[in-house]
Amino acid sequence: PDFATQFLLCLDNVIDVVRAAGGGTEHIVKLVAFVTDLDKYRSSQQAIGDGWRARMGSYYPAMSLVKVAGLIEPGALVEIEGVAILPMEDAR
């Protein structure tokens, strides 16, 4: 797939894991995106932004973008690592 599709699929994967753990997108506090091509990222910003708003609304956790020489999966253009802080269950 194209860069924006891969980026949004990675974001969906992070969101799915957080939801499976009982959280929501509002509990994601940090994302790190590892990309192999900054030009592809820049040229995909409109599509990424549209997809971001559809998934995350106007919520923007802390985020870093890191250019890397390559990723483990052949053909991978992006990988996203996320950190979430989930609410504690009521201890009563």
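- Closest non-hydrogen pair, Asp2 versus Leu77, comes out as C-CD1, 4.4 Å.
- Open room surrounds CD1 on Ile85; 12 or fewer heavy atoms of other groups in view lie less than 6.0 Å from it.
- Apart from Leu71 itself, the hydrophobic cluster it occupies contains Val32, Phe34, Val66, Val68, where clustering links Ile, Leu, Val, Met, Phe, Trp and Tyr at side-chain heavy-atom distances under 4.5 Å.
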Yes or no on ring pair (Phe, Tyr, Trp, His ring centres under 6.0 Å) for Tyr60 and Trp52, after CA distance, side-chain angles and deciding distance? CA-CA 9 Å; Tyr60 294 91; Trp52 179 281; 5.5 Å; yes
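- At a threshold of 4.5 Å between non-hydrogen side-chain atoms, the residues Ile80 and Asn13 do not count as touching.
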Point to revise | Trace of the side-chain contact (heavy atoms from CB on, under 4.5 Å) decision for Val78 with Tyr41 | key: CA-CA 9 Å; Val78 62; Tyr41 171 77; over 6 Å; no
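- Remark: side-chain polar atoms of Gln6 are paired, donor with acceptor, to backbone N or O of Gly75 under 3.5 angstrom.
- Checked by atom type and distance alone, the side chain of Tyr59 pairs as donor or acceptor with a backbone atom of Ile28 at under 3.5 Å.
- Taking Arg19 as the reference, nothing meets the salt bridge (Lys or Arg N to Asp or Glu O under 4.0 Å) condition, with sequence neighbours excluded.
- In this structure the side chain of Asp12 reaches within 4.5 angstrom of the side chain of Arg55, judged on heavy atoms.
- Applying side chain to side chain contact (heavy atoms under 4.5 Å, CB included) to Phe3 and the options Thr36, Ile48, Asp39 leaves one that passes, Ile48.
- Going from atom CE of Met56 over to atom CG of Leu31 covers 6.0 Å, rounded to the nearest 0.5 Å.
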